[in-house]
Amino acid sequence: MRRLVGTVLRKEVLDHLRDRRTLGSALLWPLLGPLVFLVMFNVMASWYRQDRPLEMPVVGREHAPSLMAFLERYGATLSEAPEDYEALVQAGKLDVVLVVPDDYAEDFAQGRTAAVRLVVDSSRNKARHSVQRAQRMLAVYSQQTGSQRLFARGVAPELAVPVRVDELDLSTPEKTAATVLTTIPLFLVMAAFAGGMQLASDTMAGERERGSLEPLLLNPAPRGAVVAGKWLATCAMAATGVMLCLLGYFLVVKRVPLEDLGVRARFDAQAALGMLAAVMPLVLAASAVQMWVSTYARSFKEAQTYLSLLMVLPTLPGMMLALSPIQTQTWMFAVPVLGQEMLAAEVMRGETLGPVPFLLALLSCLVVAALALRFTTRLLSHERIIFGRS
């Protein structure tokens, strides 16, 4: 039995390796996540880089010389605003424009509240950091000016601050980084599905369409051995995809300037091994389910359609966790896909989990894999499945 399984496994892997175009697409897909991560976070870091000067065109800067001096002292580069500044802000060519009205100087001199206006387009993510920096500068200037006025009138500035709120943040750098790096568990789980998808559809639906499945089953080999060999070959490709995806993230995270986003990510070998242990059991279940679906499909094209829809499954828990954050419960680790995503996220947060969550995730995937392989073996005993359905 073991020798027959090994024979089928070697045959399927060699056949898949000979088709270099299909092999390339299967192995390139897991690298999509690290590439997206590299590009996206490099662009975001360039937006949020603290040493980037704040370009701020101003209308009526002559009305507020002290405010202009304060802004320049704290890193803003001021310039005269063009006449069509509102259209330029809407077009995204200007991030923010400061408007100082004509009555600003009189109100400021009389000790009244002097109003200024920030012209922004809040729908543009690229301008968000510049807008926040401008708002913080103006808030600091307002607070300093208010304190100076109270002090000049013999009033302690502390009287205007009846309550001071000091925040104690208990989050570790790893937990803070995990909220930013949420795409890593999602793409690892998707790699478990994408890595073996081509082989699963080709070994079952593809072979039947080519007419090679029937001669294979005519051999004196148990159908269980044939299914097990094909399943192990699919698992090998899916596991390769997961490891490629994890290796890509391991190399990319060290090269992205996450410090510019205020994130200190600790993605070392220990964390990578923990995430590999979390996601790898899903390879067993995903490959078995893909083979079952591919066996049931009428044609190779239909199998590809079903398996593409199956790829949507890993995104659902991620969307649920993002839209409705839930408190982690132990039983959730026993739900395939959800358990793997939560387990990988907890490992990335640096949490000490113990062996129970990993065992639950492994056992649930083994149960799903065993059921799917049993159903696949039963399907191969039906003539309408082997010879195709009209």
Side-chain angles (χ1 to χ4, degrees), residues 8-9 12-13 15-33 186-210 212-213 216 226-245 279-319 335-338 340-341 364-365 367-380 382 384-386 388-389:
V8 176
L9 168 63
E12 296 299 343
V13 171
D15 285 350
H16 198 62
L17 292 178
R18 290 192 186 102
D19 189 353
R20 295 185 178 179
R21 185 175 299 179
T22 305
L23 178 65
S25 63
L27 296 183
L28 280 177
W29 204 100
L31 296 176
L32 178 64
L186 174 61
F187 273 96
L188 282 177
V189 169
M190 293 182 75
F193 282 82
M197 186 176 73
Q198 294 291 338
L199 198 146
S201 57
D202 186 70
T203 55
M204 302 306 291
E207 282 213 20
R208 184 175 53 208
E209 203 164 88
R210 291 192 297 270
S212 57
L213 182 62
L216 177 64
V226 174
V227 172
K230 292 175 179 290
W231 172 62
L232 288 177
T234 307
C235 289
M237 293 305 302
T240 304
V242 172
M243 287 188 285
L244 273 179
C245 184
V279 177
M280 202 55 84
L282 185 62
V283 166
L284 309 177
S287 299
V289 172
Q290 285 175 332
M291 284 190 56
W292 177 26
V293 173
S294 178
T295 306
Y296 188 77
R298 291 183 176 87
S299 63
F300 179 76
K301 188 175 181 180
E302 187 175 310
Q304 289 275 300
T305 302
Y306 290 156
L307 296 186
S308 298
L309 293 175
L310 197 64
M311 283 283 295
V312 180
L313 183 63
T315 64
L316 299 180
M319 292 174 62
V335 181
V337 179
L338 173 65
Q340 273 69 40
E341 290 191 9
S364 63
C365 288
V367 169
V368 172
L371 290 174
L373 291 176
R374 185 174 180 82
F375 290 143
T376 304
T377 306
R378 281 187 176 180
L379 285 177
L380 290 181
H382 298 296
R384 64 187 184 93
I385 295 294
I386 299 173
R389 292 170 292 167

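These values consider heavy atoms only, across backbone and side chains, with no hydrogens, waters or symmetry-generated copies.
Proximity of a side-chain donor or acceptor of Q340 to a complementary backbone N or O of V337 within less than 3.5 Å is detected.
Across all their heavy atoms, S287 and A238 have their closest contact at OG-CB, 3.9 Å. Taking both residues in full, the closest heavy atoms of V368 and P336 are given as CG2-CG, 3.8 Å, listed atom of the first, atom of the second, then distance.
Side-chain contact between F193 and L282 is present, with at least one heavy-atom pair separated by less than 4.5 Å. For the pair T295/F375, no side-chain contact is recorded, criterion being any heavy-atom separation below 4.5 Å from C-beta on. No side-chain heavy atom of M237 sits less than 4.5 Å from a side-chain heavy atom of M197. S364 has its side chain out of reach of V335: every pair of non-hydrogen atoms, C-beta onward, lies at least 4.5 Å apart. Taking the side chain as every heavy atom from C-beta outward, L284 and W231 approach each other to under 4.5 Å.
Interatomic distance, NZ of K230 versus OG1 of T234, reported as 8.5 Å (0.5 Å rounding). To the nearest 0.5 angstrom, L307 atom CG is 10.5 Å from E302 atom CD. Here R298 contributes atom CZ and Y306 contributes atom OH; the two are 6.5 Å apart, rounded to the nearest 0.5 Å. In this structure, M291 CE and L380 CG are separated by 7.5 Å, a value rounded to the nearest 0.5 Å.
Evaluation of the side chain to side chain contact (heavy atoms under 4.5 Å, CB included) rule for A303 yields S201, A205, S294, A297 as partners, not counting sequence neighbours. Every side chain to side chain contact (heavy atoms under 4.5 Å, CB included) that V367 has, sequence neighbours left out, goes to L371.
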Test side-chain contact (heavy atoms from CB on, under 4.5 Å) on T376 and M204; report intermediate values, then the result.
CA-CA 10 Å; T376 304; M204 302 306 291; 4.2 Å; yes
